[in-house]
Amino acid sequence: METMKRVGIALSIIIFVLVLLLSSTAAQGGKIRGRRRLPCKQMVFYFHDILYNGKNAKNATSAIVGAPAWGNRTAMAGQSNFGDLIIFDDPITMDNNLHSTPVGRAQGFYFYDRKDVYTAWMGFSFVFNSTQHKGSINFAGANPVLNKTRDISVIGGTGDFFMARGLATLMTDAFEDDVYFRLRTHVKLYECW
Ligand SMILES: *[C@@H]1O[C@H](CO)[C@@H](O)[C@H](O)[C@H]1NC(C)=O
Ligand SMILES: *[C@@H]1O[C@H](CO)[C@@H](O)[C@H](O)[C@H]1NC(C)=O
Ligand SMILES: *[C@@H]1O[C@H](CO)[C@@H](O)[C@H](O)[C@H]1NC(C)=O
Ligand SMILES: *[C@@H]1O[C@H](CO)[C@@H](O)[C@H](O)[C@H]1NC(C)=O
């Protein structure tokens with residue numbers, strides 16, 4: 001009888017501990033039961049945007065293609081550039097030098113979508129056709145440009161980057177008036193094939 005009782009007590013303690021463990025992991029929800037997910041592939045690139053300003057047609061890699069009624073297509077519209085839509089075909093380099101040999105092109109658009117703060121929405125691809133990389137990585141998301149770093153989604157890829165999923169941390173590495181900026185792009189893929 002005495003041993004049965006002890007076994008009973010031991011069992012209830014085990015069940016109690018199990019319930020505690022389960023409830024603590026459930027509370028962590030989004031972290032996938034306490035497991036931290038790490039990227040399976042990371043890469044750093046820079047891309048360089050030279051905006052057409054009416055004088056630099058030869059060098060410009062991007063152009064305002066849409067502006068609100070109070071603006072035009074040679075200068076940003078004011079009010080945090082609200083309403084300006086820009087299309088770009090920018091060189092991508094491995095370091096922060098505009099004159100380094102490009103490894104690909106960053107192609108897409110961004111538009112400013114807030115009047116009181118500089119913030120843009122971007123949709124673009126990194127297109128690679130070099131011995132290092134072949135294929136593309138597709139990006140989309142909000143880019144609150146005044147934040148030191150901001151994350152946008154990696155929503156897919158082709159070629160070497162087939163089925164890529166993850167995010168990219170953007171950082172403004174240089175900014176000169178409204179004409180030139182350089183974005184450091186730290187790509188972190190959480191799905192690799
Ligand atoms: C175009 O780029 C070259 C090389 O960086 C530079 O010397 C030149 O001043 C630029 N021209 C314009 C109009 O921005
Ligand atoms: C475009 O707008 C800017 C700023 O308002 C102004 O300085 C410039 O003269 C305008 N350019 C044209 C071609 O209308
Ligand atoms: C990629 O580069 C190769 C070799 O330079 C060229 O033959 C091919 O047309 C290029 N592909 C694309 C999609 O640009
Ligand atoms: C802006 O940066 C801060 C810290 O630097 C971060 O907490 C916040 O999430 C960022 N916001 C966006 C929208 O990326």
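Hydrogens, waters and symmetry mates play no part in the numbers below; they use all other heavy atoms, side chains included. Count residues from 1 along the sequence. Bear in mind that the values here come from a model prediction, so they are computed numbers and not experimental data. Note that ligands are numbered from 1 as they come in the structure, with each ligand's atoms numbered from 1 the same way.
- Under the 30°/60° scheme for interplanar angles, the aromatic rings of Phe128 and Phe45 are found to be tilted.
- The 12-atom threshold is exceeded at CZ of Arg184, counting heavy atoms of other residues, nucleotides or ligands nearer than 6.0 Å.
- At the top of the distance list for atom 13 (C) of ligand 2, counting protein heavy atoms only, stands Thr74 OG1, 3.8 Å.
- With respect to atom 4 (C) of ligand 2, the closest heavy atom belonging to the protein is Ala75 CB, 4.0 Å.
- Summary of contacts: the protein heavy atom closest to atom 1 (C) of ligand 2 is Asn72 ND2, 1.4 Å.
- Counting heavy atoms from C-beta outward, Asn143 and Thr119 have side chains that stay 4.5 Å or more apart.
- At a threshold of 4.0 Å, the pair Lys134-Asp160 does not count as salt-bridged, since none of the basic side-chain nitrogens sits closer than that to a carboxylate oxygen.
- Each of Phe111, Phe47, Phe109 was scored for a ring pair (Phe, Tyr, Trp, His ring centres under 6.0 Å) with Phe124, with one residue passing: Phe47.
- When Val127, Thr131, Asn129 are ranked by how near their heavy atoms come to atom 10 (C) of ligand 3, first place goes to Asn129.
- Counting only heavy atoms, the protein never gets under 4.0 Å from atom 7 (O) of ligand 2.
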